[in-house]
*Asks:* 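Below: one structure in structure tokens.
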Amino acid sequence: MKVAVIGTGYVGLVAGACFADSGNNVSCVDNDQSKIDALKQGVIPIFEPGLDTLVKRNVAEGRLHFTTSTAEAVIASDIIFLAVGTPPLPNGEPDMKYLKSAAEEVARSMNGHKIIVNKSTVPIGTHKVMMEWITPYTHFPFEIVSNPEFLKEGSALEDFLKPDRVVIGTHKEAVYKTMAELYAPFVRQGNPVLWMDPLSAEMTKYACNAFLATRISFMNELAVLCDKLGGDIEQVRRGMITDTRIGKHFLYAGVGYGGSCFPKDVQALMSTARKVDIPMGIVTAAETANARQKAILVSKIKAHFGNSLKNRSFALWGLAFKPNTDDMREAPALIIIEELLKAGAKVRAYDPVAEETTKKVIGEKITYCSSAYDAANGADALVLVTEWNEFRNPDFDHLKALLKTPIIFDGRNVYNPAHLQKQGYTYYGIGRGARL
Ligand code: NAD
């Protein structure tokens, strides 16, 4: 099939590369000239395991093309995906200006019947609004499909190539069948391609993210209670995940969820519900608990060192909102850094891939270190923020020698408190007893 993807970010680039890899001819469009120039030279603008190889292979085999021209891509394609950003506005509503302008550009470039597929996460009802955006600019027939994306950064390729399910929102069976054919190579193991109406498809995306965010916030609230009462949330988690009704995913207590999806999608759902006067108490509570949680590590640091952290320095291990990505959108590390700096502390940080993306947000306010041990050198304590694999089993003797005082604030509960205590560390986790 001939496919265009408008917006070559985390979602667009992964989708484009995967569709090309299954034999389609794909044009990926972005209006960021530097991004397209880099991609044309084989430089992948984001970190995502396996993406580099996949993109290069499909470019070399002539199935994957990059351009800044929407018209060129639309003319060459029958199916056009929109995968532009829908970032949150200050009031929590998604900013739809990128999607509107991309939809209008597509409309103006049409040269025949097109299937226009919305992959961006959008407010419920957007498929109707898209009709209104496109209609004035074209006399060619077109279909609007809602096809929300469920990939997770860090395992985006695997998620896209082996999705749990694919959701296709369209009223027309023929359109569903074309979409199902496009996705067929990814669901050979029998995972479903679900046909539903566009509004339900749009709501499914928000429902999934809001539900997962709620699970995380639920655990974080229990962790605070564990801290107060002296329990261990990790043991509670193990007790919960063995209940098959509950399952094991998205039940880790930590420093709060971040990234480009959960915070904005939860807020978007709340704002949609507000407009129609429907109370969303559970989702609102998940959001409030998360905002509190992002500050919890700094509260623990202050409880140990006192409110003024002047002349203190802290080693931050991990900056990205989760491992295996360089995405810093809504990353808890940003709040932790802000609060530490506000209290007068200095921050020495190391992240395997997110240094450049962090610099784009906060510049040189902190010291960027070349390794985890370099960050720890001379610091008053270690603060683990992102659970990258390389942080899981450090040489604790070496680490102890580098730190000014052997104190660990473990924001992801990756270390064994009893082992660390035996090695002479003071350990603070999330929900693992006020002090072990
Ligand atoms: P992103 O910011 O990484 O990429 C969006 C890209 O679109 C950017 O490169 C931008 O330059 C480009 N763009 C904007 N307007 C354009 C236009 N008119 N023409 C061409 N290019 C244009 O965003 P993302 O993380 O890939 O997210 C895209 C959408 O997918 C969002 O709605 C998001 O909520 C949703 N989503 C994201 C994820 C994720 O994990 N990142 C997962 C599922 C769904």
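In each ligand, atom 1 is the first atom listed, and ligand 1 is the first ligand listed. Values below: every heavy atom of this structure, side chains too, minus hydrogens, waters and symmetry copies. Quick caveat, the model's predicted, so the values are computed rather than measured.
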*Asks:* Hydrogens and angles aside, do Glu356 and Tyr368 bring a side-chain donor and acceptor to less than 3.5 Å of each other?
*Replies:* no
*Asks:* Atom 11 (O) of ligand 1: which protein heavy atom is closest, and how many Å away?
*Replies:* Asp30 OD1, 2.6 Å
*Asks:* Does ligand 1 have any atom sitting under 4.0 Å from a heavy atom of Lys205?
*Replies:* yes
*Asks:* Any Lys/Arg nitrogen of Glu173 or Lys177 sitting under 4.0 Å from an Asp/Glu carboxylate oxygen of the other?
*Replies:* yes
*Asks:* In terms of atom number and element, which parts of ligand 1 are under 4.0 angstrom from non-hydrogen atoms of Glu105?
*Replies:* 18 (N), 19 (N)
*Asks:* Using a strict 4.0 Å cut-off to heavy atoms of Tyr10, name the atoms of ligand 1 that fall inside it.
*Replies:* 3 (O), 25 (O), 26 (O), 41 (N)
*Asks:* Any idea which protein heavy atom is nearest atom 41 (N) of ligand 1, and the distance to it?
*Replies:* Glu153 OE2, 2.7 Å
*Asks:* Identify which of Asn31, Asp159, Asn209, Leu151 has a heavy atom lying nearest to atom 42 (C) of ligand 1.
*Replies:* Leu151
*Asks:* Heavy-atom distances under 4.0 Å are what count here, so tell me which part of Pro148 touches ligand 1: side chain, backbone, both or neither.
*Replies:* neither
*Asks:* In terms of atom number and element, which parts of ligand 1 are under 4.0 angstrom from non-hydrogen atoms of Lys35?
*Replies:* 8 (C), 9 (O)
*Asks:* Just jot down the ligand 1 atoms closer than 4.0 angstrom to any heavy atom of Ala102, in number order.
*Replies:* 18 (N)
*Asks:* In this structure, is the centre-to-centre distance between the rings of Tyr415 and Phe396 below 6.0 Å?
*Replies:* yes
*Asks:* Is NZ or CZ of Arg165 both nearer than 6.0 Å to the six-membered ring centre of Phe150 and within 45° of the ring axis?
*Replies:* yes
